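In this text, all values refer to a predicted model and were calculated from it rather than measured experimentally.
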Amino acid sequence: MIAENKDRGDLSAELAMNHFRVGAITAEIGSLDDAAEHFVTAATMQQALLVDSPDDEELLLGLGNSWNELGRLRMKAGNTVGAKEAFEAAREVREKLTAAHPDNAEYQRKLANVMMNEGLLAVREGDAKAATEQYEAAQAIRQKALKDDENDDIARDYGKGAFNLGSLALGRQDFREAAEQFRAAIAKFEPLVKKHPESLTDQLQLAVSYFMLADVLHLMDQPEPALEHYATSQARLQMLTDENPRVAEFRQRLVTSL
């Protein structure tokens with residue numbers, strides 16, 4: 001009987017994961033509403049399974065992912081209230097995981113990511129102060145995780161976080177802080193691009209970081225380094241455009257740089 005129940009539990013957990021996967025695919029190529037239904041179903045099933053196994057790592061990890069993706073989907077659809085609820089639920093689950101496994105860098109990374117998503121939502125709501133607090137809290141977690149386990153995923157997330165903080169600082173005209181954050185982003189993406197030259201996302205993020213730093217230096221009346229960084233950004237964008245002529249975003253970024 002115990003074995004039979006375990007099989008049923010595993011089957012339910014796998015079914016929940018199937019709903020999550022279908023939701024992720026549907027979010028890319030189909031209806032956002034349909035995708036949301038799959039994420040809600042996955043989360044509902046995972047919560048039900050956790051009633052009997054409240055400390056199951058796999059279930060907690062899956063539930064955190066389901067809530068986080070649902071939040072991102074709702075934010076994309078403009079449902080800020082629903083997105084906030086989903087992100088808060090994801091953070092609660094991921095806080096439980098990191099508390100139980102404080103040495104697990106991946107759990108730390110995922111907690112920081114949902115906090116970053118809450119910051120992005122705050123930006124959409126026009127609350128720059130709350131966004132900055134969320135970004136900084138996420139960066140603190142990443143910084144600690146990087147000390148214990150230097151890995152590309154956390155480094156990439158830290159670079160994105162620095163870029164976001166730089167953008168907020170630029171918005172409030174704190175040019176020194178903005179320049180510092182964009183330099184921090186560049187410091188993370190430079191080695192990532194060398195290590196993973198196939199990653200177009202990393203290459204674009206690096207080029208845009210150089211461009212934003214150049215903008216800030218221009219505003220700080222530092223034309224020579226500004227021109228140097230504009231040139232670096234332009235060269236990288238030109239390469240991306242030449243190698244990927246069908247990607248419209250690369251062409252648009254290059255035009256802006258020029």
Side-chain angles (χ1 to χ4, degrees), residues 23-24 27-28 31-33 35-36 39-40 43 64-95 108-143 156-186 188-189 201 204-220 226 233 248-249 252-253 255-257:
E28 292 294 328
S31 163
L32 295 183
D33 289 340
F39 289 135
V40 169
N65 292 342
S66 296
W67 280 125
N68 186 63
E69 290 307 306
L70 180 61
R72 293 180 61 208
L73 199 69
R74 286 174 172 174
M75 182 166 61
K76 184 177 180 180
N79 180 1
T80 56
V81 174
K84 185 176 183 179
E85 292 175 351
F87 286 143
E88 287 177 349
R91 176 161 46 83
E92 182 179 346
V93 172
R94 289 177 173 179
E95 285 175 341
Q108 297 284 342
R109 186 182 78 85
K110 284 185 172 292
L111 173 58
N113 282 356
V114 72
M115 294 169 73
M116 183 67 73
N117 285 335
E118 289 180 297
L120 291 170
L121 185 61
V123 170
R124 292 199 173 201
E125 293 179 312
D127 192 342
K129 183 177 182 295
T132 299
E133 291 173 353
Q134 290 287 358
Y135 288 166
E136 289 178 345
Q139 290 294 81
I141 293 173
R142 290 165 178 155
Q143 185 65 50
R156 182 176 291 108
D157 290 345
Y158 189 93
K160 292 177 181 177
F163 183 90
N164 288 343
L165 279 168
S167 298
L168 283 178
L170 180 58
R172 63 176 183 269
Q173 297 188 340
D174 186 346
F175 300 141
R176 292 186 181 279
E177 174 67 14
E180 180 180 338
Q181 293 295 343
F182 289 133
R183 288 191 178 101
I186 290 169
K188 292 301 181 187
F189 281 105
T201 302
L204 179 61
Q205 186 69 64
L206 179 58
V208 175
S209 297
Y210 269 114
F211 183 85
M212 295 300 291
L213 177 57
D215 267 355
V216 173
L217 293 174
H218 172 65
L219 292 169
M220 295 173 71
S233 175
E249 183 178 4
Q252 293 166 356
R253 293 281 190 179
V255 169
T256 300
S257 178

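Within the structure, every pair that satisfies the side chain to side chain donor-acceptor pair (under 3.5 Å) test and touches residues 109-127, not counting sequence neighbours, is listed here: Asn65-Lys110, Asn68-Asn117, Arg91-Glu118, Glu106-Arg109, Arg109-Asp157, Asn113-Arg142, Asn113-Asp157. Among pairs with a residue in residues 162-174, none fulfils side chain to side chain donor-acceptor pair (under 3.5 Å), at least two apart in sequence or across chains. Counting only residues at least two apart or in different chains, salt bridge (charged side-chain N to carboxylate O under 4.0 Å, His left out) contacts with residues 67-78 comprise Glu69-Arg72.
The CZ atom of Phe211 lies 14.0 Å from the CG atom of Leu206; values are rounded to the nearest 0.5 Å. Residue Leu73 holds its CG atom at 8.0 Å from CG of Asp33, rounded to the nearest 0.5 Å. Here CG of Leu111 is found 4.0 Å from CD1 of Ile141. Values are rounded to the nearest 0.5 Å. Rounding to the nearest 0.5 Å gives a distance of 11.0 Å between CG of Leu32 and CG of Asn79. In this structure, Glu88 CD and Leu121 CG are separated by 9.5 Å, a value rounded to the nearest 0.5 Å.
Using a 4.5 Å heavy-atom cutoff, the side chains of Leu120 and Tyr135 are in contact. When side chains are defined from C-beta on, Val81 counts as touching Glu85, because their heavy atoms get closer than 4.5 Å. Contact check for Arg176 versus Met220: side-chain heavy atoms found under the 4.5 Å cut-off. At least one side-chain heavy atom of Phe163 sits under 4.5 Å from a side-chain heavy atom of Phe182. A heavy-atom distance below 4.5 Å is not found between the side chains of Trp67 and Val40.
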Problem set entry | Stepwise side chain to side chain contact (heavy atoms under 4.5 Å, CB included) test for Met212 and Leu170 | CA-CA 9 Å; Met212 295 300 291; Leu170 180 58; 3.6 Å; yes
For this session: Report the C-alpha separation of Lys129 and Glu133 in whole Å, then their side-chain angles, then the decisive distance to 0.1 Å, and conclude whether the side chain to side chain contact (heavy atoms under 4.5 Å, CB included) test is met.
Result: CA-CA 6 Å; Lys129 183 177 182 295; Glu133 291 173 353; 2.7 Å; yes
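When every heavy atom of Gly119 is checked against every heavy atom of Ala131, the shortest pair comes out as O-CB, 3.4 Å. Minimum interatomic distance between Phe189 and Arg156 (heavy atoms only, all atoms of both residues): CZ-O, 3.8 Å. For the pair Ala184 and Ala162, the tightest heavy-atom approach, listed with the atom from each and the gap, is CB-CB, 3.9 Å. The two residues Ser233 and Tyr210 come nearest to each other via the heavy atoms CB-CB, 3.9 Å. Contact between Ala137 and Met115 at its shortest, heavy atoms only, is CB-CE, 3.3 Å. Annotation for Phe175 and Val216: closest pair O-CG1, 3.3 Å, computed over non-hydrogen atoms.
Legend: residues meeting side chain to side chain contact (heavy atoms under 4.5 Å, CB included) with Glu180, ordered by chain and number and at least two apart, are Glu177. In this structure Ser66 satisfies the side chain to side chain donor-acceptor pair (under 3.5 Å) test together with Gln46, sequence neighbours excluded. For Glu249, the salt bridge (charged side-chain N to carboxylate O under 4.0 Å, His left out) partners are Arg253, not counting sequence neighbours.
By the neighbour-count criterion of 12 heavy atoms within 6.0 Å, atom CD of Glu92 is sparsely surrounded, having that number or fewer from other residues, nucleotides or ligands.
Counting only distance, with no hydrogens or angles, the side chain of Ser209 and the backbone of Ala185 share no donor-acceptor pair below 3.5 Å.
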